[in-house]
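The block underneath contains the structure these notes are about, expressed in structure tokens.
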Amino acid sequence: MTGRQRRRGLFILPSVFTAGNIAAGYYAITQSLEGSALAPQHFNYAALAIGFAIPFDALDGRIARMTNTASDFGKELDSLADVITFGVAPSVLAFAWGFRSLTVAMNPIAQQRLIQLGAFVCFLYLICGAARLARFNISHTPVALNPGRPGRKFFVGMPSPASAGMLASVVHFFRGEPLAMWWMSLLWMGLVGLIGFLMVSSWRFWSGKEINLFHRHPFRLLIALGAFVYALVAFSEVLLLVMAVFYMCSGIFSRAAYSWSRRRNPATASSH
């Protein structure tokens with residue numbers, strides 16, 4: 001293999017992971033459409049596909065930087081993939097799982113209004129996800145309303161992969177069994193709306209970019225990774241939900257703590 005062919009192969013490698021991201025999103029959409037109260041496993045498959053897409057999304061950019069093959073085409077393709085997998089796919093899943101499959105008898109008119117409102121909120125989630133990605137692409141020096149310590153890397157607004165993972169983890173926790181009670185659909189609507197707001201907010205969320213996977217103690221990393229994989233396989237429903245809720249709440253608590261500190265120390269706050 002010549003050097004030119006090897007270089008071309010390196011440029012293709014990140015796009016392969018991006019294509020895997022798109023494939024997972026497309027699979028999640030098709031499974032959401034097939035899911036029902038009689039076939040709840042399809043909802044669970046859709047949630048798992050969104051979960052599998054998250055590492056694909058994390059790896060394509062990192063591989064491009066490691067191999068020095070980052071390009072404008074790759075960035076645009078990655079953004080389009082994120083809109084599909086972490087925007088369209090979770091919004092379709094959220095609607096099909098949380099509203100379309102209501103089985104408990106209720107007033108038909110009220111049920112129809114609930115389904116329509118749920119569809120609207122899921123659409124708002126999609127719009128917020130697209131806006132979050134657009135802002136991320138054009139923001140080179142993002143500023144959060146609650147800045148952290150200098151030098152700490154963070155995201156402004158909840159990242160779309162984490163937002164999609166939050167919705168998917170709830171569906172997976174129930175193993176795909178769709179919501180049947182109207183009040184649970186209302187709670188689900190509130191969660192979908194909250195996550196959409198967090199994506200377009202200016203609140204600080206941990207980025208994890210300071211984690212170095214190539215430190216001097218790879219043996220410890222392998223042990224921790226093995227333990228995590230075992231826990232993930234054995235207790236995926238609970239573990240994934242706890243991780244998603246913890247990450248979402250970390251941004252909320254960080255913003256609340258910053259507001260509380262400003263109220264206690266107005267002189268310090270005015271100096272920033």
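These values consider heavy atoms only, across backbone and side chains, with no hydrogens, waters or symmetry-generated copies.
- Atom CZ in F95 sits 13.5 Å away from atom CG in L126 (nearest 0.5 Å).
- Proximity of I195 to M248: side-chain heavy atoms (C-beta onward) are separated by under 4.5 Å at one or more points.
- Note on residues 164-174: no pairs pass salt bridge (Lys or Arg N to Asp or Glu O under 4.0 Å), not counting sequence neighbours.
- Side chains of L93 and L167 form no contact here, defined as non-hydrogen atoms less than 4.5 Å apart.
- A donor and an acceptor atom, one from each side chain of D82 and S160, are nowhere located under 3.5 Å apart.
- Ring geometry for F120 against F123 counts as tilted: the plane angle lies between 30° and 60°, on a 0 to 90° scale.
- Residue Y247 places its OH atom among more than 12 non-hydrogen atoms of other residues, nucleotides or ligands, all under 6.0 Å distant.
- Between S79 and L133 there is no side-chain heavy-atom pair separated by less than 4.5 Å.
- Rounding to the nearest 0.5 angstrom, the gap separating the SG atom in C128 from the CE atom in M158 is 12.5 Å.
- Ring pair F197/W203: centre-to-centre distance below 6.0 Å.
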Please output the side-chain donor-acceptor pairs of residues 183-192 that fall under 3.5 Å, not counting sequence neighbours, one pair per line with the distance.
from: S185; atom 1: OG; to: G98; atom 2: O; distance (Å): 2.7
from: W188; atom 1: NE1; to: A94; atom 2: O; distance (Å): 2.9

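- Each of N21, I22, T18 was checked for a side-chain contact (heavy atoms from CB on, under 4.5 Å) with F56, and the lone residue meeting it is N21.
- Side-chain contact, S236 with H172: a donor N or O sits under 3.5 Å from an acceptor N or O.
- Between P40 and P178 the shortest heavy-atom distance is CB-CD, 3.9 Å.
- Contact check for D57 versus F17: no side-chain heavy atoms found under the 4.5 Å cut-off.
- If you take CG on L48 and OH on Y27, they are separated by 8.5 Å, rounding to the nearest 0.5 Å.
- Counting only distance, with no hydrogens or angles, the side chain of W97 and the backbone of E177 share a donor-acceptor pair below 3.5 Å.
- Residues F174 and L232 fall into different hydrophobic clusters, defined by Ile, Leu, Val, Met, Phe, Trp and Tyr side chains chained together at heavy-atom separations under 4.5 Å.
- Cluster annotation: M243 is not connected to F52 through the hydrophobic network of ILVMFWY side chains, with a link wherever side-chain heavy atoms come within less than 4.5 Å.
- The shortest distance between side-chain heavy atoms of Y45 and E34 does not fall below 4.5 Å.
- Side-chain contact between I54 and F86: present, with at least one pair of heavy atoms (C-beta onward) separated by less than 4.5 Å.
- You'll find the side chain of P159 stays beyond 4.5 Å of the side chain of F136, heavy atoms only.
- A continuous path of hydrophobic side-chain contacts links V245 to I252 [ILVMFWY only; heavy atoms under 4.5 Å].
- Looking at M166 and L241, their side chains come closer than 4.5 Å, going by heavy atoms from C-beta outward.
- Once rounded to the nearest 0.5 Å, the distance linking OG of S163 with CD1 of I50 reads 11.5 Å.
- Under the 4.5 Å side-chain heavy-atom criterion for grouping Ile, Leu, Val, Met, Phe, Trp and Tyr, M181 is connected to F99 within one hydrophobic cluster.
- Listed by first and then second residue, the salt bridge (Lys or Arg N to Asp or Glu O under 4.0 Å) pairs that reach into residues 221-249 are R175-E237, sequence neighbours excluded.
- R113 contributes atom CZ, which lies 11.0 Å from atom CD1 of I115 (distance to the nearest 0.5 angstrom).
- No side-chain donor-acceptor contact under 3.5 Å links R204 to the backbone of S254.
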